Protein chains: 2
Amino acid sequence: MPLGKDYARQECSIARALEIVGERWTLLVVRDALYGVRRYNDFLIHLGAPRAVLAARLQALIAEGILEKRRYQQSPPRDEYVVTQRGLALWPTLRSLGLWGREHFGEAKLRIFQHADCGTELGPYGECPTCGTVVPVPDVLMVPGPGLDPDPADPVSRALLKPKRLLEPIETGQG
Amino acid sequence: MPLGKDYARQECSIARALEIVGERWTLLVVRDALYGVRRYNDFLIHLGAPRAVLAARLQALIAEGILEKRRYQQSPPRDEYVVTQRGLALWPTLRSLGLWGREHFGEAKLRIFQHADCGTELGPYGECPTCGTVVPVPDVLMVPGPGLDPDPADPVSRALLKPKRLLEPIETGQG
DNA sequence: ATCCAAGGTTCAATGAATGAACTTCCCTGC
DNA sequence: GCAGGGAAGTTCATTCATTGAACCTTGGAT
């Protein structure tokens with residue numbers, strides 16, 4: 001494989017990780033999955049990625065055990081993509097990447113993550129400063145920050161305006 | 001810009017971050033820079049990336065303020081690339097990405113990161129469990145793990161076998 | 001019988017990555 | 001004074017990936 005996604009010469013866990021989630025769009029798919037996006041069309045709308053690329057990335061993420069395809073209705077047959085434990089484990093990475101992006105390149109705070117139990121905003125490592133524990137992903141409450149467009153065009157972005165816990169499926173109103 | 005590195009439709013700090021460090025090779029360049037690699041040829045040898053791509057990535061990283069070009073000798077004029085504060089701030093992201101890669105896809109531990117002051121192995125967020133503090137990057141001691149090839153071919157990998165602090169420049173023996 | 005929506009696949013065009021070859025600058029040895 | 005060499009790139013044809021638009025399929029709903 002002369003070109004492509006691998007880093008053959010690297011003896012490094014970071015390189016291994018990047019071979020799996022380092023391609024264009026991949027980490028954003030995982031992000032959306034953590035935010036509660038589950039359906040092909042919702043990923044498509046929210047990401048704006050080409051259909052073929054999205055399909056390929058979903059396939060790859062399933063093959064690596066990061067997402068799982070699950071039938072949620074029989075007729076017509078419809079599947080949804082949900083994150084596995086392995087996908088969940090990417091939360092600290094995404095959190096720190098987002099934090100870095102905001103601190104060094106972002107203007108306003110776009111999304112705020114809180115401990116659902118006590119309302120405290122999470123620290124840089126996903127911990128709750130009040131409770132002194134690392135907050136499990138399902139207990140993270142995501143609320144819109146001041147920098148977020150209050151009236152976005154697409155229904156997925158609109159659904160993501162409502163405060164909600166991570167992983168909790170979004171409600172597009174067209175469901 | 002119809003194709004390329006940006007994620008125009010995304011209103012998200014993670015997407016902003018990925019526009020900057022999400023391209024192929026970029027995060028590995030930053031990783032190497034944190035490990036103490038500083039010279040074009042050393043990056044080249046250690047990464048195995050095409051020369052043109054490496055040059056482009058170094059340029060981009062400088063433009064974004066993640067690396068800094070610094071003259072380290074006048075004649076012949078030679079520059080080295082060193083990480084800035086902004087680049088340093090990527091350490092938690094790289095750390096958690098590497099941890100995820102190892103826990104979910106790696107076999108053995110390749111590199112071990114310790115608190116230089118006390119020798120304790122770092123926790124998942126770069127903290128020292130003994131001292132109870134987040135360890136500053138220059139105080140992180142990197143030692144080879146059991147899974148690392150003890151006799152690598154290239155001189156940079158060989159230099160990275162010696163226990164050393166992050167950021168401390170490598171010694172290739174040909175310097 | 002026709003329309004529609006979800007979830008894809010196919011395809012030509014474009015842009016990025018690759019590896020090899022070439023260039024430049026300056027130093028060192030003969 | 002000249003040949004050779006290393007560091008740090010640039011150039012270029014080829015290969016691969018991404019893009020966006022169009023098309024396809026399945027199974028309701030009208």
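What you see is a predicted model, and the numbers here were worked out from it, not measured in a lab. Throughout, a chain's letter reflects where its sequence line sits, starting with A, and its residues are numbered from 1.
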Spacing of [X] atom [atom1] relative to [N] atom [atom2], expressed in whole Å:
X	N	atom1	atom2	result
A:Leu58	C:dA6	CG	C1'	14 Å
A:Asp42	C:dA5	CG	C1'	13 Å
A:Tyr40	D:dT26	OH	P	17 Å
B:Arg24	C:dT18	CZ	C1'	9 Å
B:Asp79	C:dC25	CG	P	15 Å
A:Leu54	D:dA21	CG	P	16 Å
B:Trp25	C:dG19	CH2	C1'	12 Å
A:Gln74	C:dA6	CD	P	18 Å

Q. Has the side chain of B:Arg165 got a donor or acceptor atom that lies under 3.5 Å from a matching backbone atom of B:Pro138?
A. yes
[X] side chain, from C-beta outward: closest of [options]:
X	options	result
B:Pro50	C:dG19, C:dT10, D:dA8	C:dG19
B:Tyr72	C:dT10, C:dT18, D:dA7	D:dA7
B:Glu23	D:dG27, C:dA17, C:dT18	C:dA17
A:Arg57	D:dT18, C:dG7, C:dG19	D:dT18
A:Asn41	C:dA6, C:dG19, C:dC26	C:dA6

Q.
Quick test of your reading of the model: are A:Lys109 and A:Glu103 salt-bridged, counting only N-O distances below 4.0 Å?
A. no
Q.
Using heavy-atom distances to pick each residue's nearest nucleotide on DNA chain D, tell me which of B:Ala55 and A:Gly48 is more 5'.
A. B:Ala55
Q: Could you pick out which residue, A:Ala56 or A:Arg78, lies toward the 5' side of DNA chain C when each is mapped onto its nearest nucleotide?
A: A:Arg78
(Q) Within the 4.0 Å heavy-atom criterion, would you say B:Ala49 contacts the bases, only the backbone, or no part of the nucleic acid? (A) nothing
(Q) With a 4.0 Å limit, can you tell me whether A:Lys69 has a side-chain N or O closer than that to the phosphate oxygens OP1/OP2 of C:dG7? (A) no
**Q.** Short side-chain N/O contact to C:dA6 OP1/OP2 from A:Tyr81, under 4.0 Å
**A.** no
Q) Going through the checks in order, is the salt bridge (Lys or Arg N to Asp or Glu O under 4.0 Å) test met by B:Arg24 and A:Glu23? A) CA-CA 7 Å; B:Arg24 186 154 159 72; A:Glu23 289 178 288; over 6 Å; no
Q. Crowded around B:Glu168 CD? As in, over 12 foreign heavy atoms under 6.0 Å?
A. yes
Run the side-chain donor-acceptor check on residues 76-83 of chain A: report pairs under 3.5 Å with partners two or more places apart or on a different chain.
residue	atom	partner	partner atom	Å
A:Asp79	OD1	A:Arg71	NE	3.0
A:Asp79	OD1	A:Arg71	NH2	3.4
A:Asp79	OD2	A:Arg71	NH2	3.4
A:Glu80	OE2	A:Arg38	NH1	3.4
A:Glu80	OE2	A:Arg70	NH2	3.3

(Q) Counting distance alone, no hydrogens or angles: does the base of D:dG20 have a donor or acceptor under 3.5 Å from a partner atom on the side chain of A:Arg51? (A) no
